[in-house]
Amino acid sequence: LGPQLRGAALEMEVTGCSHGALAQQLSGRYIEVGQHHGRPFFRGLNQILIYYWDDRDGERYNGWWLGPQLGGDQALAFNSDTTGELPPCTGWQAPWNGPVDSAMQ
């Protein structure tokens, strides 16, 4: 992950996921499409979203998520780093409740 400005919207790319089935779902380009919980969220050509969830549902759910809908129960990847205004480049867990995938960016 790493944001680049494309016109008025940010664009990101997800690469390197080590989990075979998830890699196909998550890999690719994502374009900023709006704001959610005060931070930008992104939609990929694959219709997967990258979005931030604040601590309103508890500390465990606070962080950045990849999934097919905002706040949905079908999360695919998670990152607990809440320090930046944009999704972090490293530290992603894929699947969301698995270990950190050091190859995923």
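Position 1 is the first residue of the sequence, and the numbers go up from there. The figures that follow rest on heavy atoms only: side chains count, while hydrogens, waters and symmetry mates do not. The model shown is predicted, which means the values in this text are computed figures rather than measured ones.
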Asks: Could you measure the distance from the CG atom of Leu76 to the CD1 atom of Ile50? Nearest 0.5 Å is fine.
Replies: 11.0 Å
Asks: Ring centroids only, cut at 6.0 angstrom: are Trp53 and Tyr61 within range, meaning strictly under it?
Replies: no
Asks: Take atom CD of Gln35 as the centre, draw a 6.0 Å sphere, and report whether it contains more than 12 heavy atoms from other residues, nucleotides or ligands.
Replies: yes
Asks: When rounded to the nearest 0.5 angstrom, what distance separates CD1 in Ile31 from CD in Glu11?
Replies: 3.5 Å
Asks: Keeping Glu13 on the side-chain end and Gly28 on the backbone end, is there a donor-acceptor pair under 3.5 Å?
Replies: no
Asks: Using salt bridge (charged side-chain N to carboxylate O under 4.0 Å, His left out) as the criterion, list what pairs up with Asp54, not counting sequence neighbours.
Replies: Arg56
Asks: Quick one: CZ on Arg39 to OG1 on Thr82, what's the gap to the nearest 0.5 Å?
Replies: 6.0 Å
Asks: How far apart are the closest heavy atoms of Ala77 and Met104, and which atoms are they?
Replies: CB-CE, 4.1 Å
Asks: Donor-acceptor pair, distance only, cut-off 3.5 Å: does the side chain of Asn46 make one with the backbone of Gln25?
Replies: yes
Asks: Do His36 side-chain atoms and Tyr51 backbone N/O form a donor-acceptor pair below 3.5 Å?
Replies: no
Asks: How far does CZ of Phe78 sit from CH2 of Trp96, to the nearest 0.5 angstrom?
Replies: 8.5 Å
Asks: Using 0.5 Å steps for rounding, measure from the CE atom of Met12 to the CZ atom of Arg29.
Replies: 11.5 Å
Asks: How long is the straight-line distance from CG of Asn79 back to CG of Leu66, given to the nearest 0.5 Å?
Replies: 9.5 Å
Asks: Could you pull out the closest heavy-atom pair between Gln93 and Gly98, with the gap in Å?
Replies: NE2-O, 2.8 Å
Asks: Please report the shortest heavy-atom distance between Cys17 and Ala94, naming the atom on each side.
Replies: SG-CB, 4.0 Å
